[in-house]
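Shown next, in structure tokens, is the structure this report addresses.
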Amino acid sequence: MQVQKSFEQHQTGTLYLIPTPIGNLQDISQRALSALAEVDLIAAEDTRHTQQLLNHFEITTKQTSFHEHNWQHKIPELICILQDGQSIGQVSDAGMPSISDPGKELVAAAIEADIPVVPLPGPSAGIVALIASGLVPQPFYFHGFLSRKKNEQMAELAELKERRETVILYEAPHRLIFTLSNLVKVIGPDRSLVVARELTKRYEEFLRGAAGEILDWVQNHSVRGEFVIMIAGNSAPDVTESEEAVPVVEAVGKLVAQGLKPNAAIKQIARERQLERQSVYRAYHQLEEES
Ligand code: SAM
């Protein structure tokens with residue numbers, strides 16, 4: 001177990017995770033600007049891209065590149081810098097680092113090396129889109145990008161079809177029609193969908209409707225930009241007969257027999273079946289007491 005007191009004195013430097021705007025530069029926070037100016041080094045997904053942001057805010061901090069093609073050899077170097085007592089701010093091109101962007105391996109390595117990891121709040125396209133979607137905001141399931149390969153994408157969509165939570169997907173501009181077509185084939189034309197486009201930018205737009213309608217609209221209009229696709233949760237998922245037949249208490253018992261702690265098993269079953277955790281807890285323990 002590890003306890004991180006983020007703002008106590010440390011022997012090492014700190015790794016700051018700094019979100020950047022997803023379109024509108026005014027969305028950068030005062031704290032993010034201070035962090036960018038005060039860290040010893042910025043580890044950026046694309047240093048040229050981040051330089052534009054730094055120039056705009058007249059920040060002169062040195063940068064190094066840190067992206068999906070060099071993270072393996074960059075991490076030891078960055079950890080040494082942190083161990084030397086210098087601080088690093090990690091940024092991606094837009095939004096939250098680590099969210100469908102580079103970062104998670106550096107975070108894991110820093111935690112492993114007992115280096116404090118301090119996240120700054122800020123924009124992330126999925127959450128920004130979700131709150132204005134009009135769909136149920138929680139629970140939600142953030143999936144990010146689907147596979148680019150058609151068969152794999154269809155298989156992923158088949159799984160997502162059954163989820164009761166609102167599903168959040170990211171998609172690249174040139175793949176929107178491809179993905180929406182597959183989505184309509186697998187999930188059907190009637191499921192409610194919201195496509196959020198160009199969030200925080202001048203041409204921000206929300207398409208809300210049935211999946212089939214939205215596909216039609218997108219095919220008949222020239223829609224450019226960046227997209228978040230949100231799928232309304234399935235209110236009547238296909239539960240296999242065997243799953244349905246297993247009473248809650250037995251389902252918890254099965255997980256416990258597989259080695260899960262009772263509370264973890266209760267939590268999992270409550271989540272899967274959308275039940276109150278307390279009622280599953282009571283049912284399970286009552287039955288235990290009776291037997
Ligand atoms: N780290 C980012 C975040 O926290 O949202 C996501 C980076 S991911 C590489 C880029 C994808 O995020 C885009 O393809 C798009 O799906 C979504 N995205 C980013 N900015 C957006 C915007 N302004 N409007 C709509 N979607 C956006």
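Counting starts at 1 for both ligands and their atoms, in listed order. Atom set for the values below is all heavy atoms of this structure, side chains included, hydrogens, waters and symmetry mates excluded.
- Using a 4.5 Å heavy-atom cutoff, the side chains of D27 and L25 are not in contact.
- Considering backbone and side-chain N/O of Y170, one or more are found under 3.5 Å from N/O of ligand 1.
- In the model, N24 has no side-chain atom that pairs as donor or acceptor with a side-chain atom of T200 under 3.5 Å.
- The backbone N or O of V136 sits less than 3.5 Å from a side-chain atom of T166, completing a donor-acceptor pair.
- On a distance-only criterion, A196 and ligand 1 share no N/O pair closer than 3.5 Å.
- Counting the atoms of ligand 1 from 1 in the order shown, those under 4.0 Å from a heavy atom of K201 are 23 (N).
- The single protein non-hydrogen atom nearest to atom 2 (C) of ligand 1 is A94 O, 3.2 Å, given as residue, atom name and distance.
- By the 4.0 Å N-to-carboxylate-O rule, K74 lies close enough to E77 to be salt-bridged with it.
- Nearest to atom 13 (C) of ligand 1 among the protein's heavy atoms is E226 OE1, 3.5 Å.
- Closest to atom 14 (O) of ligand 1 among all protein heavy atoms lies E171 O, 3.3 Å.
- The closest non-hydrogen atom to atom 15 (C) of ligand 1, taken over F145, F227, F142, comes from F227.
- Heavy atoms from other residues, nucleotides or ligands lying under 6.0 Å from CZ of F140 number 12 at most.
- The nearest heavy-atom contact from the protein to atom 7 (C) of ligand 1 is D101 OD2, 3.2 Å.
- At a heavy-atom distance under 4.0 Å, no atom of P97 approaches ligand 1.
- Nearest protein heavy-atom neighbour of atom 4 (O) of ligand 1: S124 OG, 2.7 Å.
- Under the 4.0 angstrom criterion for non-hydrogen atoms, V228 is in contact with ligand 1.
- Under 4.0 angstrom from ligand 1, there are no non-hydrogen atoms of E204.
- Ranking the protein heavy atoms by distance from atom 18 (N) of ligand 1 puts A125 CB, 3.4 Å first.
- Enclosure of atom NZ in K104 is not indicated, since only 12 or fewer non-hydrogen atoms of other residues, nucleotides or ligands lie within 6.0 angstrom.
- The atoms of ligand 1 that sit less than 4.0 Å from any heavy atom of M96 are 1 (N), 3 (C), 4 (O).
- Between H143 and Y141, the two ring planes are tilted [angle within 30° to 60°].
- In F178, the CZ atom is crowded: over 12 heavy atoms of neighbouring residues, nucleotides or ligands sit closer than 6.0 Å.
- Other residues, nucleotides and ligands contribute only 12 or fewer heavy atoms inside 6.0 Å of the CD atom of E159.
- By the criterion of a heavy-atom distance under 4.0 Å, both the backbone and the side chain of L199 are placed next to ligand 1.
- Residue R175 holds its CZ atom at 10.0 Å from CZ of F145, rounded to the nearest 0.5 Å.
- When only interatomic distances are considered, the shortest N/O to N/O separation between G126 and ligand 1 does not fall below 3.5 Å.
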